[in-house]
Amino acid sequence: MTSVHTSTHEQDARAVARPEWARARGGLPEPPERPIAWSMLSRALSVPLILGLVCFLPAVIAAQPGSGVKDTAYWLQLVLTCYAGARLATMILSTRRRLLQGVFWMFVYIAMGVAPFAQVVIGQTPTPMVGPRQDLITAVALVLVGCAAFDLGALLASRRPLRRRTPSPRSPGGGQAVAHPLRLRLLVLLAFAASAFYVMKLGGPAVFFSSRQEINETVAASGVVSEGSNVGSAFVKGFGQVPALLALLFYTRRLATSYRARRTPSTALVWVALVALNLVVNNPVSNARYWFLTVLMAFVFTAFPSSAAIYRVVLATGVVGALVVFPYADKFRYDDEAQRPAQSASVFEPLVTKDYDQMVMFANTISWVDTRGHTYGRQLSGSALFFVPRAVWSGKPEDTGVRVGQWMGLRMTNLSAPLWTEFWVDFGASGVIGGLALIGYAVARTDRRYALAVTRAGPGPGSVLAVAAPLIAGYTFILLRGPLLQAAGKLAIAALCLLLISTFKERRAARRR
């Protein structure tokens, strides 16, 4: 017999899972607001945080000695820096976690704001600017307009209610995808098999703790790289790293959110084995810094899915790490003979001599496009069809950064091509505005669904979105830095793995909690 009375706990759970306004509009609920205590604390932190990001740091950079001139590029760059700083402060102080938007604004503030502003003030750039000064002015203006378009897309997304994908009594998570138990075990087996092949192909685990230079030389000598094409090496490396990371993230989420999983020895043993595997194939010694940043952020946000403090600490300390730690984090990328000495007379010197070439490369790309015209989708199609070997597609486009570097006459063509650049090369200003607006819309919608997925009303320990969103957040740095052709491989492998293990049938999700 069913009891007429319902417990207060069950009533509260139903109120969170399906409030009255959501039933009326057919939408999913928004995540609950933060407690009043945090609201009071956020108000106390807001003044120093906003002043630091928007006023203090730009003022310190502006006071640096240098040969830069205070022209239109200077003032536009200052406006962009302050705008991105204000938006980043908004993300940190928001009552709801906006994971992807927060990472987007952290990248813009550092790589498109602070670093280029320091370059303009000091009068030095990581790579030479071959075109006129007007191209730099155009680049800064387009980045600023693209950021406004991103905000517009996010605003439009916030006006639309979230809807259930497949309403069903058997879908307690609102029809969100979850990892099928058997397929997840198969993903673990795939991770160990693919990573073992990757390790053996490169000569054993010891190579992964030597240097990134030795890794690259070993890959070149392994026979997986054909002349003029890196598709083979990209697949070997991608499958050797991505399934291992995804399997670790899913088991981490199970341990973080499921009491039953923490009491199951087999789950803990598999997690320990996956940690050891990732320490070999995804360690910071032999991998690119941007990829290790992806691994680190994805793991942290998966292990602490509902911690607002972790979210805010990552965004706040990310700025300091990018300015101070990141430029010096390439200590083990090269052997001692090839390693570049770190010499700095100012804390801002690494911003003008090393990694942050995004804005000046945008300006160089504008100069390059002026000489040959827009490609009208050709560059983006090359990124989308990254898996097609050049032996089959002889006219396959090269990385945008490589093409521009070759045009500039540089010997080292491992240059960035930020997302604004990719849209500009193909479609001009309309592509920058439209592309960033669509991305802002998609990112804001994903943030809202992710915030729901990590609450108790979500689909539980097997939530695919609760793992995919942190992974995409970390990978956002690679996507925004570009080129897209280099970034597409691992992203596609991750999407394929997620697609293969996903299901919308949540018959056992409730019992695993």
Side-chain angles (χ1 to χ4, degrees), residues 9-35 38 91 94-104 153-179 249-250 252-254 256-258 297-298 300-312 314-315 440-474 476 498 502-510 512-513:
H9 176 75
E10 293 173 338
Q11 291 174 353
D12 292 341
R14 281 203 280 267
V16 171
R18 192 68 169 165
E20 187 64 33
W21 69 265
R23 289 196 297 268
R25 299 175 62 179
L28 289 174
E30 292 288 341
E33 294 284 350
R34 295 285 175 243
W38 168 251
M91 295 297 110
S94 174
T95 56
R96 297 190 179 100
R97 284 164 296 160
R98 294 173 171 86
L99 184 59
L100 300 183
Q101 293 176 77
V103 174
F104 174 86
L155 179 63
L156 293 176
S158 67
R159 301 300 180 185
R160 292 194 58 191
L162 296 176
R163 297 184 180 278
R164 291 180 182 268
R165 186 184 299 270
T166 53
S168 170
R170 294 189 304 175
S171 295
Q176 294 188 35
V178 295
L249 295 180
F250 273 106
T252 299
R253 173 162 175 82
R254 289 181 64 181
T257 59
S258 172
M297 289 191 65
V300 168
F301 285 128
T302 303
F304 304 96
S306 57
S307 174
I310 292 295
Y311 162 76
R312 293 180 174 91
V314 168
L315 293 186
Y441 182 89
V443 162
R445 297 283 290 182
T446 303
D447 275 343
R448 293 171 66 192
R449 288 195 173 274
Y450 168 74
L452 181 66
V454 297
T455 62
R456 291 184 179 181
S463 172
V464 170
L465 183 58
V467 169
L471 179 63
I472 296 173
T476 295
L498 292 174
S502 296
T503 180
F504 287 96
K505 296 180 180 180
E506 305 179 68
R507 290 168 295 184
R508 302 179 184 178
R512 281 201 188 92
R513 300 184 184 182

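Across all their heavy atoms, Q101 and A154 have their closest contact at OE1-CB, 3.7 Å. Taking both residues in full, the closest heavy atoms of A179 and F250 are given as CB-CE2, 3.8 Å, listed atom of the first, atom of the second, then distance. Listed here is the closest heavy atom pair of A469 and Y450: CB-CD1, 3.4 Å. Contact detail for R253 and P305: the closest heavy-atom pair is NH1-CB, 3.8 Å. Minimum interatomic distance between V178 and V464 (heavy atoms only, all atoms of both residues): C-CG2, 3.5 Å. Residues L498 and A468 come closest through the heavy atom pair CD1-CB, 3.8 Å.
The CE atom of M91 sits 14.0 Å away from the CZ atom of R97 when rounded to the nearest 0.5 Å. Atom CE in M297 sits 7.0 Å away from atom CG in L315 (nearest 0.5 Å).
For F304, the side-chain contact (heavy atoms from CB on, under 4.5 Å) partners at least two apart in sequence or on another chain are V300, S307, I310. Residues passing the side-chain contact (heavy atoms from CB on, under 4.5 Å) test with T446, sequence neighbours excluded: L100, L465.
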Practice problem: Could you please spell out the steps behind the side-chain contact (heavy atoms from CB on, under 4.5 Å) verdict for L471 and F301? | Solution: CA-CA 9 Å; L471 179 63; F301 285 128; over 6 Å; no

